[in-house]
Structures are given as C-alpha cells and as structure tokens.
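A quick write-up on the structure given underneath.
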Amino acid sequence: GILIFMSYRDPNEIATTLGAYDGVEPQLHEDASTTLAAPDSIDLTRAIIGAIGRHDGSALSTDEIGWSSLMRFLRNESPELRQRYRTQILETKADDFENFAQRLGGLSPTICAVTSKAKLDEFNKHEGPTLKTILSV
C-alpha cells in the first residue's frame with residue numbers, strides 16, 4: 001500500500017513538520033502498549049469510531065450520492081469490499097497499532113515539499129535529508 005503524510009498550508013518550518021511525521025512511529029509504539037492496550041480502552045474505541053466515521057462519512061445529498069457512486073464504480077470498489085474494510089476497522093486491536101508502528105519504522109520515505117526557495121534553503125542548512133528543487137516558477 002501507499003501511506004501519505006500531508007499538510008496543507010502548513011505554517012511550520014519543513015523540519016518541524018517532518019519531525020512530527022517522524023514522531024508517529026514512537027508515539028504509536030507507546031500508545032499501543034499503554035492507553036490502547038488497556039482493557040475496554042476508550043482511546044481504542046474512539047479511534048475505531050473515528051475511522052468508521054471517516055470511512056462512511058455523513059449523510060449525502062442526492063448529488064453527492066451520484067458522485068460517490070461514480071467514484072466507487074471507477075475504483076472498482078464493491079459494497080462487499082467496503083463491508084470487509086469496515087469489518088477490519090471494527091476488529092482493530094492494540095496489537096494492530098503496534099504492527100503498524102513496526103512497519104512505519106522500516107520505511108524509507110520519499111519527501112516532497114512545495115515551498116518557497118527561502119524555506120527550502122533554510123531547511124537544507126540543517127543536518128538530515130537534503131531537498132532539491134525539481135520545479136521553480
């Protein structure tokens with residue numbers, strides 16, 4: 001699969017944003033072994049409810065139903081596939097967060113930043129990955 005961390009109109013410096021993304025893995029490790037692992041964890045329940053809400057969305061207008069149906073058709077997304085995904089979300093356990101955190105730790109990310117030349121130059125002064133200009137307008 002593909003995992004994308006993205007920020008839009010981020011007021012932070014590039015290094016701050018990338019640092020937040022780098023912090024996801026250790027935070028998931030910590031949460032999976034503490035708050036999410038507790039019996040009847042309210043945090044795990046909230047995460048599941050939030051994921052289902054993002055998956056199902058809110059009630060759609062007639063226009064939105066048509067558009068949503070077209071997009072699902074073009075993606076070859078059947079009702080069975082959507083139900084299987086929903087079931088997987090509902091069956092999520094703290095161990096799943098730990099497994100995901102371990103996968104994140106093994107990734108070699110590709111970084112893309114749409115930014116000003118000044119911010120790019122400032123970022124490249126520091127240690128760490130060097131970003132290069134691909135397109136300048």
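It should be emphasised that the depicted structure is a prediction, and the values quoted were computed from it without experimental measurement.
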Which residues share a salt bridge (charged side-chain N to carboxylate O under 4.0 Å, His left out) with E122, sequence neighbours left out: K125
Donor-acceptor pair, side chain of T16 and main chain of N12, under 3.5 angstrom: no
From NZ (K119) to CD1 (I14), nearest 0.5 Å: 7.5 Å
Any L3 side-chain heavy atom under 4.5 Å of F100 side chain: yes
Steps toward side-chain hydrogen bond (donor to acceptor under 3.5 Å, both in side chains) verdict (T87, Q83): CA-CA 6 Å; T87 300; Q83 183 57 50; 3.2 Å; yes
Nearest heavy atoms of I89 and A51, plus distance in Å: CG2-CB, 3.8 Å
Single-linkage hydrophobic cluster L107~I111, side-chain heavy atoms < 4.5 angstrom: yes
Residues that, via side-chain heavy atoms closer than 4.5 angstrom, fall in one hydrophobic cluster with I2: I4, M6
Derivation of the side chain to side chain contact (heavy atoms under 4.5 Å, CB included) call for L104 and L28: CA-CA 10 Å; L104 281 178; L28 275 176; 3.8 Å; yes
Distance-only polar pair, side chains of E13 and T17, donor-acceptor under 3.5 Å: no
S41 side chain vs T35 backbone, donor-acceptor pair below 3.5 Å: yes
Residues in side-chain hydrogen bond (donor to acceptor under 3.5 Å, both in side chains) contact with T115, at least two apart in sequence or another chain: none
OH/Y21: more than 12 non-hydrogen atoms of other groups inside 6.0 Å: yes
I49 CD1 to T45 OG1 distance, which is reported to the nearest 0.5 Å: 6.0 Å
Heavy-atom pair with the smallest gap, counting every atom of A32 and A37: O-CB, 3.2 Å
Side-chain donor/acceptor of T34 to backbone N/O of E30, under 3.5 Å: yes
Hydrophobic cluster of I65, others only, ordered by chain and residue number, side-chain cut-off 4.5 Å: L60
Connected via hydrophobic side-chain network under 4.5 Å: F123 and I134: no
N/O donor-acceptor pair under 3.5 Å between D121 side chain and A118 backbone: no
Residues forming a ring pair (Phe, Tyr, Trp, His ring centres under 6.0 Å) with H126, sequence neighbours excluded: none
Nearest non-hydrogen partners of P129 and N124, listed with the distance: O-OD1, 4.2 Å
Shared hydrophobic cluster for I42 and L44 (ILVMFWY, side-chain gaps under 4.5 Å): no
Nearest non-hydrogen partners of D96 and E91, listed with the distance: OD2-O, 4.0 Å
Approximate separation, where rounding is to 0.5 Å, of F97 CZ and H29 NE2: 13.5 Å
From NZ (K132) to CG (L120), nearest 0.5 Å: 12.0 Å
L81-Y85 co-clustered via ILVMFWY side chain contacts under 4.5 Å: no
Any pair counted as salt bridge (charged side-chain N to carboxylate O under 4.0 Å, His left out), so long as it reaches residues 50-79, sequence neighbours left out: D56-R82, D56-R86, R72-E77, R75-E77, E77-R82
